[in-house]
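Both ligands and their constituent atoms are indexed starting at 1 by order of listing. The structure presented is a predicted model; accordingly, all values stated were derived computationally and were not measured.
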Amino acid sequence: MGFDMKSFRLDGKVALVTGGVYGIGFGMAEALGAAGATIVFNDMHQEKVDEALQKYKEIGINAHGYVFDVTDEVAVNETVKQIRSEVGIIDILVNNAGIIKRIPMLEMSAEDFRQVIDIDLNGPFIMSKAVIPGMLEKGHGKIINLCSMMSELGRETVSAYAAAKGGLKMLTKNICSEFGEANIQCNGIGPGYIATPQTAPLREKQPDGSRHPFDQFIIAKTPASRWGTPEDLQGPVVFLASEASNFVNGHILYVDGGILAYIGKQP
Ligand code: NAP
Ligand code: GCO
């Protein structure tokens, strides 16, 4: 009996963070590495992988970078095999890679809609299907899907993204259902509004130097009265990747400064 803090450690574990070259993915990978995991990440472009390898080295992480598109099932399966021989069987998968297209629905083409669904929903399916056999072999595994507030709420112009992230919430629950007995836990992290390149357009200063109206809106809607940062996601991802969360499964952990609980400050 008694609680051992070692249950939060990840020593000896291999963690793959998709799209882990900057933003939320890089922040989470930094924390997983600090907790002892061997970090593996990917991007679609070799030059971005090379740049990120240097960034990881500067923070003391000897990461392993690979070039592949999470929607390319052949490339994903080949690379997971390559990672197995070069690094080891993947114990922790963080499905972080994702895009958003902010287009009013009547102006959004079916092709635009499909691309967002492909990367944000089909990608995590393809990645999970590729790594689960190794997790079954090892007798344990952690899959962490980057969901969103848009797994719960809609807003104008993000129909494809909300549909994808809503689907990703349910894929999370389904992987939990199908593999919980094999000691594989699949959970989601639902960040609120986080200051990364993906949300930079929503925070651009106005010509008169004032804050973007959406920036002001989020500040008023968030009890914490601030945007989140990738660092705010570091503790949650270590928790969900560690043995400390072995009885947490199918859960979406919202890391949103309280925005989903709050009606918003009176203007
Ligand atoms: P980001 O800054 O746009 O970074 C996304 C990463 O995914 C980039 O490295 C990108 O690579 C990579 N990527 C995109 N498509 C890919 C593909 N097909 N194959 C491989 N990699 C791909 O995004 P972020 O803000 O860090 O968000 C990371 C995740 O959290 C996303 O799933 C996002 O939906 C989710 N999220 C973000 C927020 C937020 O407020 N920022 C809130 C909730 C959820 P390239 O640079 O080469 O394109
Ligand atoms: C948007 C934002 C959001 C955030 C995040 C919120 O345009 O509304 O990009 O979608 O990225 O998903 O949780």
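At a heavy-atom cutoff of 4.0 Å, ligand 1 is contacted by both the backbone and the side chain of Val70. Residue contacts with ligand 1 for Ile119 involve side-chain atoms from C-beta outward but no N, CA, C or O (heavy atoms, distance under 4.0 Å). At a heavy-atom cutoff of 4.0 Å, ligand 1 is contacted by both the backbone and the side chain of Ile194. With a heavy-atom cut-off of 4.0 Å, Thr199 touches ligand 1 through its side chain alone. Contacts between Thr18 and ligand 1 below 4.0 angstrom, taking non-hydrogen atoms only, are absent altogether. Proximity of Met149 to ligand 1, defined as any heavy-atom pair under 4.0 Å, is not found for any part of the residue. The proximity of Met150 to ligand 1, defined as any non-hydrogen pair under 4.0 Å, does not occur for either the backbone or the side chain. Contacts between Ile99 and ligand 1, counted as non-hydrogen atom pairs separated by less than 4.0 Å, involve the side chain only. The backbone of Phe68, and not its side chain, has at least one atom closer than 4.0 Å to an atom of ligand 1 (non-hydrogen atoms only; backbone = N, CA, C, O).
A donor atom on one side chain and an acceptor atom on the other are not found under 3.5 Å apart for Asn174 and Ser177. Tyr66 and Glu86 share a side-chain donor-acceptor pair at under 3.5 Å. For Thr196 and Gln198, the side-chain atoms include no donor-acceptor pair closer than 3.5 Å. Ser245 and Lys142 form a side-chain donor-acceptor contact under 3.5 Å, judged by distance and modelled atom types alone.
Among the atoms of Leu202, none of the N or O lies under 3.5 angstrom from an N or O of ligand 2. Polar contact check, Arg102 against ligand 2: a nitrogen or oxygen pair lies under 3.5 Å apart. For Leu146, no nitrogen or oxygen atom sits less than 3.5 Å from a nitrogen or oxygen atom of ligand 1, counting backbone and side chain alike. Polar contact check, Ser148 against ligand 1: no nitrogen or oxygen pair lies under 3.5 Å apart. When only interatomic distances are considered, the shortest N/O to N/O separation between Ile100 and ligand 2 does not fall below 3.5 Å. Between Gly192 and ligand 2, a contact under 3.5 Å exists for at least one N or O pair.
In the vicinity of Gly19, heavy-atom distances shorter than 4.0 Å reach the ligand 1 atoms 6 (C), 7 (O), 9 (O), 12 (C). The contact set between ligand 1 and Gly23, taken as ligand atoms under 4.0 Å from a residue heavy atom, comprises 26 (O). Of all the atoms in ligand 1, the ones that sit under 4.0 Å from a non-hydrogen atom of Cys147 are 43 (C), 44 (C). Near Asn96, the atoms of ligand 1 lying under 4.0 angstrom from a non-hydrogen atom of the residue are 28 (C), 29 (C), 31 (C), 32 (O).
The closest donor-acceptor contact from the side chain of Asn145 to the backbone of Cys147 lies at 3.5 Å or more, if one exists at all.
Between the SG atom in Cys186 and the CD1 atom in Ile175 there is a gap of 4.0 Å [rounded to 0.5 Å].
Taken together through direct or relayed side-chain contacts under 4.5 Å among Ile, Leu, Val, Met, Phe, Trp and Tyr, Ile132 and Val87 form part of one hydrophobic cluster.
Relative to atom 38 (C) of ligand 1, the option among Val21, Ile24, Val255, Val67 with the closest non-hydrogen atom is Ile24.
Geometrically, Lys101 does not engage Tyr161 in a cation-pi contact, judged by NZ or CZ lying under 6.0 Å from the ring centre and within 45° of the ring axis.
Checked against Thr18 for a side-chain contact (heavy atoms from CB on, under 4.5 Å), the options Ile119, Val70, Asp43 give a single hit: Val70.
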